2 protein chains.
Amino acid sequence: MIRRLPTLEDVAREAGVSRATVSRVINGVRNVDPDIQSAVRDAVARTGYSPNRAARSLVTRRAETIALVVSGAGEPEGEKGSFAARMLADPFFGRVAGGVIDFLRPRSMHPVLMFADSEATRAEVVAYLRQGSADGALVVSTHAEDPLPELLAEAALPCVLFARPARPVPVSYVDLAHADGGRLAAEHLLARGCRRLATVTGPLDVPAGQDRLAGFRDALARRGHPYIPIAEGGFTYDSGAAAMARLLAEHPQIDGVFVANDLMAQGACEVLREGGRRVPEDVAVVGFDDSSAALACRPTLTTVRQPMEEMAGTMAQLLQEHIEGARTEPTSVIFEPELVVRASA
Amino acid sequence: MIRRLPTLEDVAREAGVSRATVSRVINGVRNVDPDIQSAVRDAVARTGYSPNRAARSLVTRRAETIALVVSGAGEPEGEKGSFAARMLADPFFGRVAGGVIDFLRPRSMHPVLMFADSEATRAEVVAYLRQGSADGALVVSTHAEDPLPELLAEAALPCVLFARPARPVPVSYVDLAHADGGRLAAEHLLARGCRRLATVTGPLDVPAGQDRLAGFRDALARRGHPYIPIAEGGFTYDSGAAAMARLLAEHPQIDGVFVANDLMAQGACEVLREGGRRVPEDVAVVGFDDSSAALACRPTLTTVRQPMEEMAGTMAQLLQEHIEGARTEPTSVIFEPELVVRASA
DNA sequence: TTGAAAGCGCTAACAC
DNA sequence: GTGTTAGCGCTTTCAA
């Protein structure tokens, strides 16, 4: 019995052929005699061989690994925990990661999880890719002005973003037609009879926040509602609750509100309830994303669905094409949102 | 300008020294003249060199990567999405992953995320480690009778489990003194005056479910409460709601309930509210975990805190020791729970 | 269709 | 304290 792990050489000897032949069989290259093929396979089984990834990567120059990176600004470590912990607790990230993984798994690939929220950690991401530890990156930015996409683009490293960057950068991305989502929300609220509308927006320095608001406003303006009170939130539960409270204090007559994501909508519903408003009887609420928060919320949220798993899958697909060189130009793929009607509006 | 990435050779030439010397500087090996050190560093900066991971791994036999694997039984793909998506949405997993990442990050390591819920995917995990793609595995099992720990142990692959396996396996693990947690819950409920207690348990085929129940029962028995109605749940929101409904139907007089995790407690609170019970005035509720669900729940949950980030950090630490050979025998580290009093009890 | 041989970029003896 | 050299295990021309 050999004490080290079996190598190609061992298998070759066992099968009575050369290393090259074993390699061909393993990699499914044609032009190998069927008899020899099965002899090799037997030898592989007998020796319990499995190819050494490092050795293979060294010559193919492929890590067969991709990085899933969550990139944010360097926020203070709140009591909600580290950046990584906060992101992992966010249902939005969960759906994106799930979509990526479901695309990768059938291909026997597994993502490396990275969190970047400082210059040092961003540099680490770039270094990781440069040294060939991963072939490309899927990046989810949580903030406007995130410098990572540019760093990656400058280094000519394959990457695909989830959502359009705030400033133009020559990289591929997948995104949602956020404005259409805002319109959907406006039309639904109007259709159910709401007349005193307001909105809790996302951060107004990121495209998703801006576009959802723009679409909502635009649809309302076209129906004769030129002015809508707004309160800006930060896509978190707490910020949604706080924004709702402000709105309620200044405009107690509100009968319908569009909240730019589900997590904030959950916070808003809570504030509404504490303020003695029934949802949807007194105030109808429409959320955004259709994340797990939409179902966890009481009442369950009527929301604008973002097909995140699909978007994430496409993102991974695009990255693979870039890595393989099948696609060289930056590409964007935009998905359409869909209204999901539940109890809150 | 060279078109390929710079190699050690390039840096050596640039600095006028040998490859070995550059390697020494890069790896911080002593016995290098300070002048030469800085000359090398300059050359590294000038060439923009970064070491090729595959080449290094090939000779060091270290991937400098660990796998974070979530292992479950092959459940049908419910409408809640794939296995990966479900796990990612679970606040329990989020805290574990966050803890692992926070341990790894300062060490410039990044975990590879793997999900195993079938024989094929479990084999993939084993193969991944065997081929040296990762040096070890951190495994979180979601089910009793998970065969993965045994597979890993048999292959002598470094791994550490989160929670004691249902059947004894010679591997290291971190865990909580679950029974003590159950006791804490019982004492708190009794102390606040509850006399008609009940409990929603976790799955009774896993140690965590059994032990929490045993501790709860034990503490009550010692105080003269020999019989407690129970309803078994599956650690999910829905199962908690369903179990609570059963309990309420059969024992409408209940005035206090210990629910074996926060997610189920959230579901239980919802059922209680729908059933016209005020929490905690009519029925006090104590959860378990102190996950994000505890804060999201209305009222906020009084719960038994599991220091998961710390446990996860220790798990990663143990794995590193095993990988480095500093630790060879299976080890267990048990943490103590703590009661966190909030609004629900 | 198969084999021989040349590296991929790096580390680690070993020699100086 | 530094350089020389021998591989690590694999893929891939190039010949046969």
Side-chain angles (χ1 to χ4, degrees), chain A residues 2-41 43-44 47-65 127-135, chain B residues 2-41 43-44 47-65 127-133 135 324:
Chain A
I2 346 178
R3 28 173 304 157
R4 53 174 182 61
L5 259 48
T7 71
L8 254 198
E9 185 73 54
D10 298 320
V11 179
R13 197 176 317 116
E14 178 81 19
V17 297
S18 73
R19 281 209 312 268
T21 300
V22 178
S23 175
R24 287 185 188 108
V25 173
I26 301 249
N27 295 299
V29 179
R30 52 177 180 290
N31 294 344
V32 178
D33 185 297
D35 288 352
I36 294 197
Q37 278 199 39
S38 58
V40 170
R41 284 191 213 295
V44 167
T47 52
Y49 170 77
S50 68
N52 178 299
R53 158 105 66 150
R56 176 179 284 173
S57 287
L58 185 55
V59 32
T60 60
R61 291 156 179 298
R62 280 288 166 71
E64 303 290 356
T65 291
Y128 197 80
L129 295 178
R130 289 212 40 189
Q131 68 193 15
S133 298
D135 302 320
Chain B
I2 348 177
R3 29 174 302 160
R4 54 174 180 62
L5 259 49
T7 71
L8 255 199
E9 187 73 54
D10 298 320
V11 179
R13 197 177 315 115
E14 179 80 19
V17 297
S18 74
R19 278 207 317 267
T21 299
V22 179
S23 175
R24 287 183 188 110
V25 173
I26 302 251
N27 295 298
V29 179
R30 54 179 179 290
N31 295 343
V32 178
D33 184 296
D35 287 354
I36 295 197
Q37 278 198 39
S38 59
V40 170
R41 284 190 213 296
V44 167
T47 52
Y49 169 77
S50 67
N52 178 300
R53 157 103 67 149
R56 176 179 284 173
S57 286
L58 186 54
V59 33
T60 60
R61 291 157 177 298
R62 279 289 165 71
E64 303 291 356
T65 292
Y128 197 81
L129 294 178
R130 288 212 41 189
Q131 67 194 14
S133 298
D135 301 321
E324 288 167 356

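Letters A, B, ... are given to chains in the order of the sequence lines, protein chains preceding strands, and every chain is numbered from 1. Basis for what follows: all heavy atoms, side chains included, without hydrogens, waters or symmetry-related copies. Everything numeric here is computed off the predicted structure, so don't read it as measured data.
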Margin query: Need the bend value for the helix from C/dT1-D/dA16 to C/dC16-D/dG1: angle between end axes, 5 pairs each end, nearest 10°.
Written below: 30°
Next item on the list: Provide the start and end nucleotides, 5' to 3', of the part of DNA chain D that has atoms under 4.0 Å from heavy atoms of chain A.
Entry: D/dG9 to D/dT13
Next item on the list: Over all heavy atoms of both residues, which pair between B/Ala63 and B/Gly132 is shortest? Give the atoms and the distance, please.
Entry: CB-O, 3.2 Å
Checklist line | Minimum side-chain heavy-atom gap A/Asn52-A/Thr7 below 4.5 Å | finding: no
Check: Looking only at heavy atoms, what is the nearest atom pair of B/Leu58 and A/Leu58, with distance?
Finding: CD2-CD2, 3.5 Å
Notebook entry, point to check: Hey, are the side chains of A/Val25 and A/Arg41 touching, using non-hydrogen atoms and a 4.5 Å cut-off?
Noted result: yes
Next item on the list: May I ask you to verify if any side-chain N or O of A/Ser18 is less than 4.0 angstrom from the OP1 or OP2 atom of C/dA4?
Entry: no
Note to self: Keeping A/Arg130 on the side-chain end and B/Gly48 on the backbone end, is there a donor-acceptor pair under 3.5 Å?
What the structure shows: yes
Margin query: Between A/Asn27 and A/Val29 (side chain of the first, backbone of the second, donor and acceptor by atom type, cut-off under 3.5 Å), is there such a pair?
Written below: no
Next item on the list: Would you confirm whether B/Thr60, through its side chain, and B/Arg56, through its main-chain N or O, come within 3.5 Å as a donor-acceptor pair?
Entry: yes
Checklist line | Euclidean distance, A/Leu5 CG relative to A/Thr47 OG1, rounded to 0.5 Å | finding: 10.0 Å
Margin query: Working to the nearest 0.5 angstrom, can you tell me the gap between B/Arg19 CZ and B/Arg13 CZ?
Written below: 10.5 Å
Check: Does B/Arg53 offer a backbone N or O that forms a donor-acceptor pair with the side chain of B/Ser57 under 3.5 Å?
Finding: yes
Under 3.5 Å, which protein N or O atoms sit close to an N or O of nucleotides 9-11 of chain C? Give each pair with its distance.
unit_1: C/dG9; atom_1: OP1; unit_2: A/Arg61; atom_2: NH2; d: 2.4
unit_1: C/dG9; atom_1: N2; unit_2: B/Ala55; atom_2: O; d: 3.3
unit_1: C/dC10; atom_1: OP1; unit_2: B/Tyr49; atom_2: OH; d: 2.4
unit_1: C/dC10; atom_1: OP1; unit_2: B/Asn52; atom_2: N; d: 3.1
unit_1: C/dC10; atom_1: OP2; unit_2: B/Leu8; atom_2: N; d: 2.4
unit_1: C/dC10; atom_1: N4; unit_2: B/Arg19; atom_2: NH2; d: 3.1
unit_1: C/dT11; atom_1: OP1; unit_2: B/Asn27; atom_2: OD1; d: 3.4
unit_1: C/dT11; atom_1: OP1; unit_2: B/Asn27; atom_2: ND2; d: 3.1
unit_1: C/dT11; atom_1: OP1; unit_2: B/Arg56; atom_2: NE; d: 2.7
unit_1: C/dT11; atom_1: OP1; unit_2: B/Arg56; atom_2: NH2; d: 3.2
unit_1: C/dT11; atom_1: OP2; unit_2: B/Ser23; atom_2: OG; d: 2.7
unit_1: C/dT11; atom_1: O4; unit_2: B/Arg19; atom_2: NH2; d: 3.4

